[in-house]
Amino acid sequence: MSRPHSPPPPGPAYRLTTPRTLLRPWAPEDASALVAAVAESLTHLRPWLGWAQERPDVEATVARLRHLRAEFDADRDFTYGVWSPSGQTVIGGCGLHPRIGADALEIGYWMHVDHAGRGLATEFVAALTRAAFAFHRVHRVEIHCDPQNVASARVAEKLGYRHEATLTARLQRPDGTWRDTMIWTMFAEAFAASPAAAVEVRACDALGRPMDPSLPT
Ligand SMILES: CC(C)(COP(=O)(O)OP(=O)(O)OC[C@H]1O[C@@H](n2cnc3c(N)ncnc32)[C@H](O)[C@@H]1OP(=O)(O)O)[C@@H](O)C(=O)NCCC(=O)NCCS
C-alpha cells in the first residue's frame, strides 16, 4: 500500500473513536452480539446485503469472525464492529477492503436498524476515510452502492466523495436480478478540505497506544 520512496504506513488502527461510535476489529467472542444485531435488522439489511438474508447461526458466525480477525491481523482485510462509545452495544459494522486495485481501499458499512438515520454511519465512515489515508496511506478510497440505496449514496455524498460513474448491471442482488453500481471516490489530496476531515477521530494501535491521525505532508 505504500508509495515508492515513502516510509511504510503505520498499519491499521485497532481502535477508532468518534464522538458517538467506537470501532474495533470483530473478535470471535462478539458472535452472539453480532447475531442479535443482524437478526433484529434483517428487514432493513436484506435488500442491500447478500450475506444478510436470514438469521445467522452463532457457530457459523464464530467461524466467520475468527476468519475476519485473522485477515485483520495479517494486514489482508480490515473489518470492524461498530459499537456504542461504551463498547456494550453493537450499532453496525464496516470495513476497509483492499479489493479495488493497488494503493486503494473500498469502504463498506451497515447499521443496526435501531441506530440508523441519526448520522452515525456518516460519522464512522469519516473515521474510516481518515484511517485509510493516514494509516494505510492509500491514494484513493471508494464507496460502491446500488443507485436505489439512497441512504448509502447520501453518506458518500455528505462526506465529500465524488460520484465518478454508475456501472451498468455490475452486481447481482440477493434475489438474482442484476443491479447497477455507483462508484463514489475520494483521492488523498481532496481529504483535508472534505467534510470527512471535520469529524473528530481518535485512533489506537494494537497495544492501545495513540496513533497520530493527521495526514502525512
Ligand atoms: C446505508 C446506511 C449504513 C446509512 O446509515 P445511517 O446511519 O442511517 O446514515 P446517516 O444517518 O449517516 O445518513 C443517511 C442519509 O441518508 C438519508 N436517507 C436515508 N433514507 C433515505 C431515503 N429513503 N431517501 C432519501 N434520503 C434518505 C438520510 O436523511 C441521511 O441524509 P441527511 O443527513 O442529509 O438527512 C443504513 O441505512 C444501512 O444500514 N442500510 C442497510 C445496509 C446498507 O445499505 N449498507 C450499504 C451498502 S452499499
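Numbering starts at 1 and runs along the sequence shown.
The hydrophobic clustering, which links ILVMFWY residues whose side-chain heavy atoms are closer than 4.5 Å, places L49 and L34 together.
Among all heavy-atom pairs drawn from L42 and E54, the shortest one is CD1-C, 3.6 Å. Contact between L16 and A127 at its shortest, heavy atoms only, is CD1-O, 4.4 Å. Contact record, Y80 with P25: CD2-N, 3.7 Å, taken as the closest heavy-atom pair. Taking both residues in full, the closest heavy atoms of A196 and M186 are given as CB-CE, 4.3 Å, listed atom of the first, atom of the second, then distance. Here the closest heavy-atom approach between residue F135 and residue D212 is recorded as CE2-O, 3.3 Å. For L65 against P28, the heavy-atom pair with the smallest separation is CB-CA, 3.9 Å.
The stretch residues 85-102 participates, sequence neighbours left out, in these side chain to side chain donor-acceptor pair (under 3.5 Å) pairs: D77-H97, S84-S86, R99-E106. Listed by first and then second residue, the ring-ring contact (aromatic ring centres under 6.0 Å, His included) pairs that reach into residues 141-173 are H163-W184, sequence neighbours excluded. For residues 21-47, the pairs satisfying side chain to side chain donor-acceptor pair (under 3.5 Å) are T18-T21, E40-H112, with sequence neighbours left out.
A salt bridge does not link D205 with R15: none of the charged nitrogens is closer than 4.0 Å to a carboxylate oxygen.
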Exercise. List the steps, then state whether side-chain contact (heavy atoms from CB on, under 4.5 Å) holds for V82 with V90.
Key: CA-CA 6 Å; V82 184; V90 173; over 6 Å; no

Quiz item: How far apart are the C-alpha atoms of H139 and F133, what are their side-chain angles, what is the distance that settles it, and do they pass the ring pair (Phe, Tyr, Trp, His ring centres under 6.0 Å) test?
Solution: CA-CA 7 Å; H139 174 53; F133 291 129; 8.8 Å; no

Quiz item: Could you go step by step and tell me if R173 and D146 meet the salt bridge (charged side-chain N to carboxylate O under 4.0 Å, His left out) rule?
Solution: CA-CA 9 Å; R173 291 197 183 87; D146 185 330; 3.6 Å; yes

Exercise. Give the C-alpha distance, both sets of side-chain angles, the deciding distance and a yes or no for side-chain contact (heavy atoms from CB on, under 4.5 Å) between M182 and R170.
Key: CA-CA 10 Å; M182 294 179 106; R170 214 44 60 98; over 6 Å; no

Practice problem: Show your reasoning for whether side-chain contact (heavy atoms from CB on, under 4.5 Å) applies to L23 and Y14. | Solution: CA-CA 8 Å; L23 278 56; Y14 275 73; over 6 Å; no

Exercise. Test V141 against T185 for side-chain contact (heavy atoms from CB on, under 4.5 Å), laying out the working first.
Key: CA-CA 6 Å; V141 180; T185 306; over 6 Å; no

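Screening T122, I107, N149 for a side chain to side chain contact (heavy atoms under 4.5 Å, CB included) with V155, the sole residue that qualifies is T122.
Contacts of R140 classified as side-chain hydrogen bond (donor to acceptor under 3.5 Å, both in side chains), with partners at least two apart in sequence or in another chain: E142. With sequence neighbours excluded, no residue forms a side-chain contact (heavy atoms from CB on, under 4.5 Å) with A63. For D180, the side-chain hydrogen bond (donor to acceptor under 3.5 Å, both in side chains) criterion is met by no residue, not counting sequence neighbours.
For the atom pair CD (Q172) and OG1 (T177), the distance works out to 8.0 Å, reported to the nearest 0.5 Å. To the nearest 0.5 Å, atoms CG (L167) and CZ (R179) are separated by 10.0 Å. Considering OG1 of T79 and CZ of R64, their distance stands at 7.0 Å, rounded to 0.5 Å. Note: I143 CD1 to Y109 OH = 4.0 Å, rounded to the nearest 0.5 Å. The CH2 atom of W48 sits 9.0 Å away from the OG atom of S152 when rounded to the nearest 0.5 Å.
In this structure, the side chains of W110 and V38 come closer than 4.5 Å at one or more pairs of heavy atoms.
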